[in-house]
Engineer: 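Sharing a structure, written as structure tokens. Questions coming.
No experiment lies behind these values; they were computed from the predicted model shown. Computed over heavy atoms, backbone and side chain alike; hydrogens, waters and symmetry mates excluded.
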Amino acid sequence: MLKRVLGKTGLEVSVLGLGTVKLGRKEQVKYPHKFEIPDDAAASGLIVVAEECGINVIDTAPAYGYSEERLGKLLAGRRERWCIVTKVGEDFDGGVSRFDFSGSEVRGSVERSLRRLRTDRVEVVLVHSDGVVEKGMTEGLWGELERLKGEGKVRGIGVSVKTAEGFASCIARSDVLMVEVDPADSGLLVRLAEAQRRGVGILAKKALSSGHAADPGASLRGVLGVPGVSCAVVGTINPGHLRANCLSVAGVR
């Protein structure tokens, strides 16, 4: 699978990434069909298929239930081939999301993620925005992210944004931004061009509209055809769907 450089992080990432919310959470998600969280054998098989297809980006978060903990076991012995993206700011427990964007919680969240993932660092940490914090992130929040980066616990920092205002506010201090990419949104294309000029890597989220895309292959190719987009992250627990998605981007350059 084609790889692209993720902005100024220098990381080489596959154009397709694996999202893992379905490995640890099935409550309050927006997918069109009900699903069951796969057992360990099925989850392990999914990781093997991803590796066979050339995927090296895996996206997780504390808000994805016990996804991080499962990945810590699933990636044992193969961690070095993976670019792990996780998040801070949102936890999900008892069917409810809890948001805390304080500097102290950011550090605590990263330390917990490292333990669950059984690693000493992650490639990317993003603020899991609620759509409000991204418009005016505090110095305490940015400062803690930058200190974690300086300590080598994180290679790239940034925000998973929900708004144009958040994108504009966070671009100056981010190495990576995660954003929904609509190739027909001219305003977004201008913002992505600015990110590209600044060397900010772009991860595309919800490239298949949370499972609602009528033509997944066309949707993925459209997103990956937007200048500046390094990787489209797609969540699935179906190996057949994963292989089909990989085949659909085989011609992307």
Engineer: Between E51 and W82, is there a side-chain donor-acceptor contact under 3.5 Å, judged purely by atom types and distance?
Structural biologist: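 W82 vs E51: donor-acceptor pair found between side chains.
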Engineer: Nearest 0.5 Å please: distance from the NZ atom of K26 over to the CD1 atom of I37.
Structural biologist: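 Answer rounded to 0.5 Å: 6.0 Å.
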Engineer: Is there a path of hydrophobic side-chain contacts, each under 4.5 Å between heavy atoms of I, L, V, M, F, W or Y residues, that connects V132 with V106?
Structural biologist: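 V132 does not cluster with V106.
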Engineer: Distance-only, no hydrogens or angles: does the S248 side chain make a donor-acceptor pair with backbone N or O of N245 under 3.5 Å?
Structural biologist: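 A pair under 3.5 Å: yes.
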Engineer: Going by heavy atoms in the side chains, are L46 and L18 under 4.5 Å from each other?
Structural biologist: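 The answer is yes; the side chains approach within 4.5 Å.
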Engineer: How long is the straight-line distance from CG of L71 back to OH of Y66, given to the nearest 0.5 Å?
Structural biologist: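 Y66 atom OH to L71 atom CG measures 12.0 Å (nearest 0.5 Å).
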Engineer: Could you tell me if the side chain of L148 sits less than 4.5 Å from the side chain of V125, heavy atoms only?
Structural biologist: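 The answer is no; the side chains never approach within 4.5 Å.
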Engineer: To the nearest 0.5 Å, tell me how far S113 OG sits from R118 CZ.
Structural biologist: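 The OG atom of S113 sits 14.5 Å away from the CZ atom of R118.
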Engineer: What about L117 and L126, same hydrophobic cluster or not, with Ile/Leu/Val/Met/Phe/Trp/Tyr joined at side-chain heavy-atom distances under 4.5 Å?
Structural biologist: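 No, L117 and L126 fall in different hydrophobic clusters.
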Engineer: Apply the test salt bridge (charged side-chain N to carboxylate O under 4.0 Å, His left out) to residues R147 and E144: give CA-CA distance (whole Å), side-chain angles for both, the deciding distance (0.1 Å), then the verdict.
Structural biologist: CA-CA 5 Å; R147 280 187 286 276; E144 202 60 57; 3.1 Å; yes
Engineer: Name the residue from K87, K206, K205 that meets the salt bridge (charged side-chain N to carboxylate O under 4.0 Å, His left out) definition with D59.
Structural biologist: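 With D59 as partner, K87, K206, K205 yield a single salt bridge (charged side-chain N to carboxylate O under 4.0 Å, His left out), made by K87.
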Engineer: Could you tell me the separation between the NE2 atom of H128 and the CZ atom of F92, rounded to the nearest 0.5 Å?
Structural biologist: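 So the NE2 of H128 and the CZ of F92 are separated by 11.5 Å.
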Engineer: Checking K3 against N56 for the side-chain contact (heavy atoms from CB on, under 4.5 Å) test, could you report, in this order, the C-alpha distance in whole Å, the side-chain angles of both residues, the deciding distance, and whether it holds?
Structural biologist: CA-CA 9 Å; K3 290 185 172 59; N56 76 337; 3.7 Å; yes
Engineer: Do S67 and T60 have side-chain atoms, one donor and one acceptor, less than 3.5 Å apart?
Structural biologist: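 Yes, because at least one side-chain N or O of S67 sits under 3.5 Å from a partner of the opposite role on T60.
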Engineer: Check for me, please, whether L242 and I47 land in the same ILVMFWY cluster - side-chain distances under 4.5 Å, paths through other members count.
Structural biologist: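 Linked, L242 and I47 end up in one cluster.
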Engineer: Side-chain contact test, heavy atoms from C-beta onward, threshold under 4.5 Å: evaluate it for E105 versus V88 and give yes or no.
Structural biologist: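 No. Closest side-chain heavy atoms not under 4.5 Å.
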Engineer: Determine, step by step, whether R98 and E90 satisfy the salt bridge (charged side-chain N to carboxylate O under 4.0 Å, His left out) criterion, reporting the C-alpha distance in whole Å, the side-chain angles of both residues, the deciding distance to 0.1 Å, and the verdict.
Structural biologist: CA-CA 6 Å; R98 177 181 64 85; E90 180 183 358; over 6 Å; no
Engineer: Crowded around E139 CD? As in, over 12 foreign heavy atoms under 6.0 Å?
Structural biologist: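 Yes, enclosed.
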Engineer: Quick one: do E111 and R116 make a salt bridge, cutoff under 4.0 Å?
Structural biologist: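 A salt bridge is absent here (no side-chain N lies under 4.0 Å from a carboxylate O).
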Engineer: I'd like to know whether CD of E180 has more than 12 heavy-atom contacts from other residues, nucleotides or ligands below 6.0 angstrom.
Structural biologist: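 Result for CD/E180: enclosed.
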Engineer: So which atom in L208 and which in S219 form the shortest heavy-atom distance, rounded to 0.1 Å?
Structural biologist: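 Result for this residue pair: CD2-CB, 4.0 Å.
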Engineer: Considering all heavy atoms of both residues, which atom of S230 and which atom of G7 are nearest to each other, and what is their separation?
Structural biologist: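 So the two residues come closest at OG-N, 4.4 Å.
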Engineer: Can you tell me if E123 uses its side chain to pair, donor with acceptor, with the backbone of V154 under 3.5 Å?
Structural biologist: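 Not at all, since once roles are kept as given, no pair shorter than 3.5 Å links the two residues.
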Engineer: Between the main-chain N or O of C170 and the side-chain N or O of S174, is there a donor-acceptor pair closer than 3.5 Å?
Structural biologist: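 Yes: the side chain of S174 pairs with the backbone of C170.
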Engineer: Do the non-hydrogen side-chain atoms of M137 and S169 ever get within less than 4.5 Å of each other?
Structural biologist: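 No; the side chains remain at least 4.5 Å from each other.
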Engineer: Cluster question for you: counting only ILVMFWY and a side-chain heavy-atom cut-off of under 4.5 Å, with indirect links fine, are L23 and F35 together?
Structural biologist: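 Yes, L23 and F35 fall within the same hydrophobic cluster.
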Engineer: Determine yes or no for a side-chain-to-main-chain donor-acceptor pair under 3.5 angstrom, with T163 supplying the side chain and G166 the backbone.
Structural biologist: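 Yes; at least one donor-acceptor contact below 3.5 Å.
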Engineer: Less than 4.0 Å between a side-chain N and a carboxylate O, is that true for R4 and E12?
Structural biologist: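 No.
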Engineer: Under a 3.5 Å distance rule, please check whether R79 uses its side chain to pair with a backbone N or O of T119 as donor and acceptor.
Structural biologist: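 Between the backbone of T119 and the side chain of R79 there is no qualifying donor-acceptor contact (under 3.5 Å).
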Engineer: Would you name the heavy atoms of D175 and G156 that are closest together and state the gap between them?
Structural biologist: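 Scanning both residues completely, I find the closest heavy atoms to be OD2-CA, 3.5 Å.
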Engineer: After noting the C-alpha distance and the side-chain angles of L16 and L220, does the key distance pass the side-chain contact (heavy atoms from CB on, under 4.5 Å) rule?
Structural biologist: CA-CA 9 Å; L16 195 65; L220 288 172; 4.0 Å; yes
Engineer: Test T9 against every option in L11, V13, V5 by the side-chain contact (heavy atoms from CB on, under 4.5 Å) rule and name the one that passes.
Structural biologist: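 By the side-chain contact (heavy atoms from CB on, under 4.5 Å) criterion, T9 pairs with just one of L11, V13, V5: L11.
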Engineer: With a 4.5 Å heavy-atom cut-off, do L192 and V226 have their side chains touching?
Structural biologist: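 L192 vs V226: side chains touch.
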Engineer: Do you reckon I55 sits in the same ILVMFWY cluster as V124, going by side-chain contacts under 4.5 Å, direct or chained?
Structural biologist: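 Result: no, two separate clusters.
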Engineer: For the residue pair P62 and T86, what are the closest heavy atoms and their distance?
Structural biologist: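 The pair with the smallest heavy-atom distance is CD-OG1, 3.8 Å.
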Engineer: Only one of V200, I157, L6 forms a side-chain contact (heavy atoms from CB on, under 4.5 Å) with V176, so which one is it?
Structural biologist: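 Exactly one candidate clears the test, L6.
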Engineer: With sequence neighbours left out, write down each residue that passes side chain to side chain contact (heavy atoms under 4.5 Å, CB included) with D39, or none if nothing qualifies.
Structural biologist: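 For D39, the residues satisfying side chain to side chain contact (heavy atoms under 4.5 Å, CB included) (neighbours in sequence not counted) are A41, A42.
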Engineer: Could you go through the salt bridge (charged side-chain N to carboxylate O under 4.0 Å, His left out) check for R197 and E194 one step at a time?
Structural biologist: CA-CA 5 Å; R197 284 192 293 271; E194 175 64 15; 2.6 Å; yes
Engineer: Is the shortest heavy-atom distance from the side chain of V122 to the side chain of K153 under 4.5 Å?
Structural biologist: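 With C-beta onward as the side chain, the pair stays apart.
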Engineer: Apply side-chain contact (heavy atoms from CB on, under 4.5 Å) to the pair R121 and R155, showing each step before the final yes or no.
Structural biologist: CA-CA 8 Å; R121 90 284 178 206; R155 182 156 171 178; over 6 Å; no
Engineer: Side chains of S102 and D100 only: does a donor on one sit below 3.5 Å from an acceptor on the other?
Structural biologist: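 Yes, a side-chain donor-acceptor pair sits under 3.5 Å.
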Engineer: Does L177 reach the side chain of L203, with side-chain heavy atoms less than 4.5 Å apart?
Structural biologist: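 No, side chains not in contact.
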Engineer: Can any side-chain N or O of S160 pair as donor or acceptor with the backbone N or O of V127 at less than 3.5 Å?
Structural biologist: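 Looks like no, no N/O pair under 3.5 Å.
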Engineer: When rounded to the nearest 0.5 angstrom, what distance separates OG in S44 from CG in D40?
Structural biologist: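 So the OG of S44 and the CG of D40 are separated by 8.0 Å.
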Engineer: Compare every heavy atom of A63 with every heavy atom of R25, then report the nearest pair and how far apart it is.
Structural biologist: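 Scanning both residues completely, I find the closest heavy atoms to be NH1-O, 2.8 Å.
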Engineer: Apply the test side-chain contact (heavy atoms from CB on, under 4.5 Å) to residues R78 and V48: give CA-CA distance (whole Å), side-chain angles for both, the deciding distance (0.1 Å), then the verdict.
Structural biologist: CA-CA 10 Å; R78 63 223 299 180; V48 169; 3.4 Å; yes
Engineer: When you compare the side chain of V159 with that of W142, does any pair of heavy atoms fall below 4.5 Å?
Structural biologist: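 Heavy-atom side-chain distance check passes, below 4.5 Å.
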Engineer: To the nearest 0.5 Å, what is the distance between CD1 (I58) and CD (E68)?
Structural biologist: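 If I round to the nearest 0.5 Å, the distance is 11.0 Å.
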Engineer: On a heavy-atom basis, which atom in V181 and which in A204 lie closest, and how many Å separate them?
Structural biologist: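 So the minimum-distance heavy-atom pair works out to CG2-CB, 3.8 Å.
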Engineer: Indicate yes or no: does K162 engage D130 in a salt bridge with an N to O separation below 4.0 Å.
Structural biologist: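 Salt bridge: no.
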